[in-house]
Amino acid sequence: MTRPVIGIFGGTFNPVHVGHVRAAIEVAEALSLAAVEFVPAARPPHKNGEPVLDFPLRLKLCRLALDGLSGFSVNTMEADRPGPSYTRDTLASLGRARPDEDFCFILGMGDLLSLPTWKDGLRLGRLAHLAVHAREGLGLEHFGHFLAARAADMEAAPTADPAVWELPGGRRLTFVPVARLDVSSSDIRDRWRCGRRIHGLVGEAVRHELETHAAAVTAGWSRPVPA
Ligand code: ATP
C-alpha cells in the first residue's frame, strides 16, 4: 500500500488570495495528493520589511478561503515555534510528528529560483517531495535551467520526463503547469492602501472579513515593521 502524500503549502498569506487557492487545487489534482495543508508563516523570514497582518487574522483568512474545500485545511504549527519560520524546520518537524505520512512541499517557480537564499533551501528534497508550479510566466524552461545549474546541490537526478526529477530517498521534484492568475498579496495590499476594490482577487468571505476589520487591516498594512 502506498503512503498518503500530504501537500504542504507554505506562505505568508498576507492576505491569502485566489492565486494561492487555484495553484494548490491544481497541484493536488495533478499529483493526486491525499490532502493539502496551508501553513502560514508566523514570522516570515523572506519578506523584506513589508508590513504583515497579525498571525491570527492571516490564519482566519486562510480558514475562510478554504471553507467548503474538502481535503484542504490550515495547519497552525508555525505559531508555536519561536524565531523565524524556516521551511526546513517545518518539514523536519512534520516528518518527526507524522511518520506514517509523506509530505510534498508546494512552491511557486519564483520561490524555487530563490531557494539558494533559504535556510538549507537546496536540501529541502531530503525532507519532502517538492512540487513547483508555474508562476508569472516562469515555466518548465526556467525549471530546467535552474536544475541544470543546481542539480548537484539539490541531489536531483533527471528522468526521461523534463518535469520530473528524482530526489534522495525515492522522493520527487515535479514541475506542475497551473492556470496563470497574476494575483499577488502585494498587489492586493497596494490596492487596499489606495482605497481600490479587491473583489475577485480574494474570495468573498476573505474580502468580507478584511472589510469587517478594515481599521486593523489598514493599520496592519501601513505600520512600520519592528526591527
Ligand atoms: P507577496 O506579493 O506579498 O510577495 P504572494 O502573493 O507571492 O505574496 P505568498 O504568501 O508569498 O504570496 O506565497 C505563498 C506561495 O504561493 C508561494 O509559493 C507563491 O509562489 C505562491 N503564489 C502566490 N501567488 C500566486 C499566484 N497568483 N499563482 C500561483 N502561485 C502563487
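The figures here come from the full heavy-atom set of this structure, side chains too, leaving out hydrogens, waters and symmetry mates. As the structure lists them, so they are numbered: ligands from 1, and atoms in each ligand from 1.
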Could you state the interatomic distance from [atom1] ([X]) to [atom2] ([Y]), rounded to the nearest 0.5 Å?
{"X": "Thr87", "Y": "Leu107", "atom1": "OG1", "atom2": "CG", "result": "8.5 Å"}
{"X": "Leu122", "Y": "Arg88", "atom1": "CG", "atom2": "CZ", "result": "13.0 Å"}
{"X": "Arg191", "Y": "Arg197", "atom1": "CZ", "atom2": "CZ", "result": "12.5 Å"}
{"X": "Ile8", "Y": "Thr90", "atom1": "CD1", "atom2": "OG1", "result": "9.0 Å"}

Tell me whether [X] reaches ligand 1 (any heavy atom closer than 4.0 angstrom to a ligand atom).
{"X": "His17", "result": "yes"}
{"X": "Asn14", "result": "no"}
{"X": "Ala41", "result": "no"}

Provide the closest heavy-atom pair for Val178 versus Val27 in the form atom of the first, atom of the second, distance. CG1-CG2, 4.3 Å
State the atoms of ligand 1, each with its element, that fall below the 4.0 Å cut-off from a heavy-atom position in [X].
{"X": "Asp111", "result": "17 (C), 18 (O), 19 (C), 20 (O)"}
{"X": "Leu107", "result": "18 (O)"}
{"X": "Val183", "result": "24 (N), 26 (C), 27 (N)"}
{"X": "Ser184", "result": "2 (O), 6 (O)"}

Name the option, out of [options], that contains the heavy atom nearest to [atom].
{"atom": "atom 15 (C) of ligand 1", "options": "Phe9, Phe13, Phe38", "answer": "Phe9"}
{"atom": "atom 2 (O) of ligand 1", "options": "Ala179, Pro15, Ser186", "answer": "Ser186"}
{"atom": "atom 29 (C) of ligand 1", "options": "His133, Arg189, Glu136", "answer": "His133"}

Hey, is ligand 1 close enough to [X] that some N/O pair sits below 3.5 Å?
{"X": "Gly11", "result": "no"}
{"X": "Ser185", "result": "yes"}
{"X": "Gly10", "result": "no"}
{"X": "Gly108", "result": "yes"}

Does the side chain of His145 come under 3.5 Å of the side chain of Glu141 through a donor N or O and an acceptor N or O? no
Where's the contact between Ala23 and ligand 1, heavy-atom distance under 4.0 Å: side chain, backbone, both or neither? side chain
Counting N and O atoms only, with roles assigned by atom type, does the side chain of His213 sit under 3.5 Å from a partner on the main chain of Leu210, one being a donor and the other an acceptor? no
Ser114 side-chain N/O to Thr117 backbone N/O, donor-acceptor pair under 3.5 Å: no
Please report the C-alpha distance between Phe38 and His20 in whole Å, then the side-chain angles of each, then the deciding distance to 0.1 Å, and finally whether the ring pair (Phe, Tyr, Trp, His ring centres under 6.0 Å) criterion is met. CA-CA 9 Å; Phe38 278 42; His20 295 128; 7.1 Å; no
Apply the test side-chain hydrogen bond (donor to acceptor under 3.5 Å, both in side chains) to residues Glu204 and His208: give CA-CA distance (whole Å), side-chain angles for both, the deciding distance (0.1 Å), then the verdict. CA-CA 6 Å; Glu204 274 301 278; His208 185 260; over 6 Å; no
